[in-house]
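One structure is given below, encoded as structure tokens.
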Amino acid sequence: ETGVTQTPRHLVMGMTNKKSLKCEQHLGHNAMYWYKQSAKKPLELMFVYNFKEQTENNSVPSRFSPECPNSSHLFLHLHTLQPEDSALYLCASSQLGTGQGMGGGNQPQHFGDGTRLSIL
Amino acid sequence: GQNIDQPTEMTATEGAIVQINCTYQTSGFNGLFWYQQHAGEAPTFLSYNVLDGLEEKGRFSSFLSRSKGYSYLLLKELQMKDSASYLCAVVKVTGGGNKLTFGTGTQLKVEL
């Protein structure tokens with residue numbers, strides 16, 4: 001699926017470095033998300049942006065700093081990371097749900113291929 | 001709190017049928033998604049259930065029982081390319097948007 005593009009695909013960095021992950025969606029969606037995927041663990045939601053406003057910070061350490069300049073672009077700025085932060089970072093986008101009540105969550109999230117991050 | 005359980009691994013034979021179960025206990029519920037994820041690739045959407053019953057989509061079907069907190073994904077006529085991880089996720093709609101909580105995924109291996 002090419003609707004959500006993430007760069008870089010792979011990143012190796014030292015604990016004192018500063019780097020940024022980039023995500024771009026071409027689907028006309030109004031919500032974007034960052035997830036962390038570690039081995040043997042569920043996908044963990046990190047941040048949610050609706051109409052480029054942050055609406056969720058899932059107790060993420062401040063060494064991860066998101067930025068959403070518009071509804072098509074999402075960044076994750078990284079600084080002074082720890083070895084346990086090594087993981088696959090996935091970006092996703094969606095339309096906000098339609099329908100009333102129970103059906104309000106019916107819009108699927110579309111994922112990018114992720115950035116494989118390794119902290120030395 | 002949110003708790004979603006699914007088996008870690010399953011093995012099945014090409015051409016057979018396999019059922020992957022998911023149980024959930026969540027503080028809010030606005031539907032359940034199934035995603036497929038091949039190694040090194042993005043999760044891709046398979047199905048969405050919000051009402052009880054079976055949703056059929058080609059070789060894949062998904063079932064939901066809200067009273068039991070239970071869902072399953074049924075894969076028929078298995079093909080080698082179906083070897084992947086299958087992720088169960090519950091969605092909760094909040095003032096801030098749609099929040100997905102995932103299970104750890106079921107790694108399916110299809111053998112000859």
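Lettering of chains follows the sequences in order, A, B, ..., and the numbering in each one begins at 1. Being a predicted model, the structure only gives us computed values, none of them experimental. Below, all heavy atoms of this structure are taken into account, side chains as well, without hydrogens, waters or symmetry copies.
Within the 4.5 angstrom heavy-atom criterion, only side-chain atoms of A:Arg9, from C-beta onward, approach chain B. Neither the backbone nor the side chain of A:Gln6 comes within less than 4.5 Å of any heavy atom of chain B. If you measure heavy-atom distances from A:Leu43 to chain B, the contacts under 4.5 Å come from both the backbone and the side chain.
For residues 102-112 of chain B, heavy-atom neighbours of chain A at less than 4.5 Å comprise B:Phe102, B:Gly103, B:Thr104, sorted by residue number. Within residues 68-90 of chain B, the residues having any heavy atom closer than 4.5 Å to a heavy atom of chain A are B:Leu87, listed by residue number.
Side-chain contact between A:Tyr33 and A:Leu90 is absent, with no heavy atoms from C-beta onward closer than 4.5 Å. Residues B:Ser62 and B:Tyr48 are not in side-chain contact: their nearest non-hydrogen atoms beyond the backbone lie 4.5 Å or more apart. Looking at heavy atoms from C-beta onward, A:Tyr89 lies in side-chain contact with A:Met46 at the 4.5 angstrom threshold. You'll find the side chain of A:Ser93 reaches within 4.5 Å of the side chain of A:Met32, heavy atoms only.
Looking at every heavy atom in both residues, A:Gln95 comes nearest to A:Gly28 through OE1-O, 2.9 Å. Nearest approach of A:Pro8 to A:Ser20, heavy atoms of both residues: CD-O, 4.2 Å. What you find for A:Met13 and A:Leu78 is that their closest heavy atoms are SD-CD1, 4.0 Å.
Residue A:Leu11 holds its CG atom at 8.0 Å from OG of A:Ser118, rounded to the nearest 0.5 Å.
For the set B:Glu41, B:Lys92, B:Gln37, the count of heavy-atom pairs under 4.5 angstrom toward chain A peaks at B:Gln37. Comparing B:Ile4, B:Asn49, B:Val91, B:Thr8 by how many heavy-atom pairs each has under 4.5 Å with chain A, the most go to B:Val91. When the candidates A:Lys41, A:Lys40, A:Gln109 are compared by the number of heavy-atom contacts under 4.5 Å with chain B, A:Gln109 comes out ahead.
A donor atom on one side chain and an acceptor atom on the other are not found under 3.5 Å apart for B:Asp52 and B:Ser65.
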Could you please spell out the steps behind the side-chain hydrogen bond (donor to acceptor under 3.5 Å, both in side chains) verdict for A:His29 and A:Ser94? CA-CA 5 Å; A:His29 290 160; A:Ser94 76; 5.8 Å; no
Apply side-chain contact (heavy atoms from CB on, under 4.5 Å) to residues A:Gln25 and A:His73 and explain how you reach the verdict. CA-CA 7 Å; A:Gln25 60 99 358; A:His73 294 85; over 6 Å; no
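Screening A:Phe47, A:Phe111, A:Phe64 for a ring-ring contact (aromatic ring centres under 6.0 Å, His included) with A:Tyr35, the sole residue that qualifies is A:Phe111.
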